[in-house]
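To keep things clear, I will list the structure first and then write my remarks on it.
By convention here, the first residue in the shown sequence is residue 1.
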Amino acid sequence: MLDIEERLTLDERSSVDFVLSLRKRWSDTIYPALVEEFVATGADPATAGGADTALHDLPLYPWFSHLERVQQKMLWKIAGDAVIARREELLGQLEQAPAGPEGSLRLDPDLVLPDWYTDYDIHVQPGGVFSDDLSAYVYEFGARIVMLRDNDGYKFHQLFVTTALPELPEATRVVDLGCGFGKSTRPLKLRYPTAEVIGIDLAAPNLRLAHAESADAGIEVSYRQADARGTGLDADSCDVVTGTMLLHEMPASVIEETIAEAARIVKPGGTVAFLEFQPTGEALRDVTVVEHAERNNEPFFHDLFGSDLVALCARYGLTDARWTPFDERLEGMRPQGWGHRPEWHFPWAVLTATRPAEEN
């Protein structure tokens, strides 16, 4: 399939390089300088109470906050223009039947998308990922820059699959809730080649692109349009239930319903794992993470951070629930914590839980 970046003009490539560099310098230069200003006030960025008020009084804060929002809007403008310029070719390849195993694609034209999903341009992407078939291409292209080009080849998702999920050579079914355009789903099939791998998402454009790319790569995945709260899968039918960057986009009540559904469909002895975010405990960094969500049109970060998901897992019959820090660069699961990182980074963490095995 066409990789847009292989066809970029010189001007398009220059625009991509500019916003990528801006994003990197915001993270590794402006954020550390902001921390230095904070420390110069006499406050400890790790423990200071009222860190949000002190943060807003720093001279560098207006630049820090403005550049974060502006770079995100620039990102989607560049990605959108590049995709629209290749509209016919991109839409055409969604209709082609690639050679090799195709998996399946099941869309539900009667599915009503919930208001909490459609009322916000999440990530500041105009129209979200559900409004047009091209929106998934825009999301895929933009996501590369969001991850600072450190997730090309989806190394990040492979780390999740290899360090957070169990060895199950005889797994028969694995499901990926909120699969997006398949970046988190395809590594599951490589990890569990004997299993039926199912990707579930609300957005039809995401699923069309995920299906086309999986088929083109010769990776057999079944993609279904459904709500993660009501997958339509049989109870006790999945060896592993995963979700990647999903729960933080949901209101608290929806998070609970999603946990309940995961607990319903996982087999006794099976694993539930969500790759998400959690507060680091470092006051200043955590304030900037929450404000990142606000500037990024992700209003439900507060719901995730305010929910006790370990207790929710227990409520729905899951055991051994725990959060584990996750290092997206190289290590994956990192029980000893995130460690010292001077740059701004997402506080990745994995929620894992198990369904108790049935007694003989």
Side-chain angles (χ1 to χ4, degrees), residues 1-7 79 82-84 86-109 111 128-144 147 151-162 165 168 171-228 231-233 237-246 275:
M1 294 181 66
L2 166 66
D3 185 334
I4 297 171
E5 288 205 69
E6 295 178 356
R7 305 281 190 87
V83 167
I84 290 172
R86 296 156 180 85
R87 177 183 182 89
E88 297 307 319
E89 185 174 4
L90 293 173
L91 291 178
Q93 67 184 5
L94 293 180
E95 304 301 325
Q96 296 172 0
E102 296 183 22
S104 63
L105 173 64
R106 184 190 304 174
L107 301 180
D108 181 0
L111 179 67
V129 296
F130 59 86
S131 57
D132 182 274
D133 275 344
L134 290 178
S135 61
Y137 283 111
V138 175
Y139 180 38
E140 180 182 42
F141 185 16
R144 298 179 182 179
M147 297 304 299
N151 196 34
D152 290 5
Y154 305 122
K155 172 195 75 176
F156 175 60
H157 298 279
Q158 293 169 15
L159 279 173
F160 170 62
V161 166
T162 56
L165 302 183
L168 293 172
T172 58
R173 175 179 280 180
V174 175
V175 64
D176 185 23
L177 303 177
C179 67
F181 55 82
K183 65 182 183 300
S184 57
T185 319
R186 292 188 289 274
L188 291 171
K189 184 62 178 179
L190 301 178
R191 172 74 159 167
Y192 302 111
T194 65
E196 175 191 24
V197 174
I198 301 172
I200 290 178
D201 203 86
L202 286 169
N206 271 344
L207 294 165
R208 290 191 183 98
L209 181 58
H211 172 62
E213 292 190 339
S214 293
D216 184 65
I219 300 173
E220 188 172 1
V221 176
S222 298
Y223 290 103
R224 305 182 186 183
Q225 187 179 18
D227 194 314
T231 62
L233 299 173
S237 64
C238 303
D239 297 280
V240 179
V241 179
T242 71
T244 301
M245 295 177 268
L246 171 67
L275 176 58

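Of the possible donor and acceptor atoms, one in the side chain of K189 sits under 3.5 Å from a partner among the backbone N and O of A195. For the pair Q225 (side chain) and L202 (backbone), a donor-acceptor distance under 3.5 Å is present.
A distance of 10.0 Å separates CD1 of I219 from OG1 of T185, quoted to the nearest 0.5 Å. Between atom CZ of residue R7 and atom CD of residue E89 there is a gap of 4.5 Å, rounded to the nearest 0.5 Å. Of the inter-residue distances, the one linking Y223 atom OH with F181 atom CZ reads 10.5 Å to the nearest 0.5 angstrom. One finds the CG atom of L190 at 11.5 Å from the OG1 atom of T162 (value rounded to the nearest 0.5 Å). One distance of note links CZ of R186 with OG of S214; it measures 4.5 Å at 0.5 Å rounding. Taking CG from L188 and CZ from F160, the interatomic distance works out to 7.5 Å, rounded to the nearest 0.5 Å.
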side-chain contact (heavy atoms from CB on, under 4.5 Å) evaluation trace for T231 with R224 = CA-CA 9 Å; T231 62; R224 305 182 186 183; over 6 Å; no
Apply the test side-chain contact (heavy atoms from CB on, under 4.5 Å) to residues L209 and Y139: give CA-CA distance (whole Å), side-chain angles for both, the deciding distance (0.1 Å), then the verdict. CA-CA 11 Å; L209 181 58; Y139 180 38; over 6 Å; no
Check: Run the side-chain contact (heavy atoms from CB on, under 4.5 Å) check on V174 and L168 step by step: do they pass?
Finding: CA-CA 10 Å; V174 175; L168 293 172; over 6 Å; no
| query | Are D239 and Y192 close enough, and set up right, to give a side-chain contact (heavy atoms from CB on, under 4.5 Å), and what steps lead you there? | reply | CA-CA 10 Å; D239 297 280; Y192 302 111; over 6 Å; no
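With a 4.5 Å cut-off on side-chain heavy atoms, T242 and S184 do not count as touching.
Residues passing the side-chain hydrogen bond (donor to acceptor under 3.5 Å, both in side chains) test with E196 are R173, sequence neighbours excluded.
Of all heavy-atom pairs between L177 and A228, the closest is CB-CB, 4.2 Å.
Only one option out of R87, Q93, R86 pairs with Y137 in a side-chain hydrogen bond (donor to acceptor under 3.5 Å, both in side chains); it is Q93.
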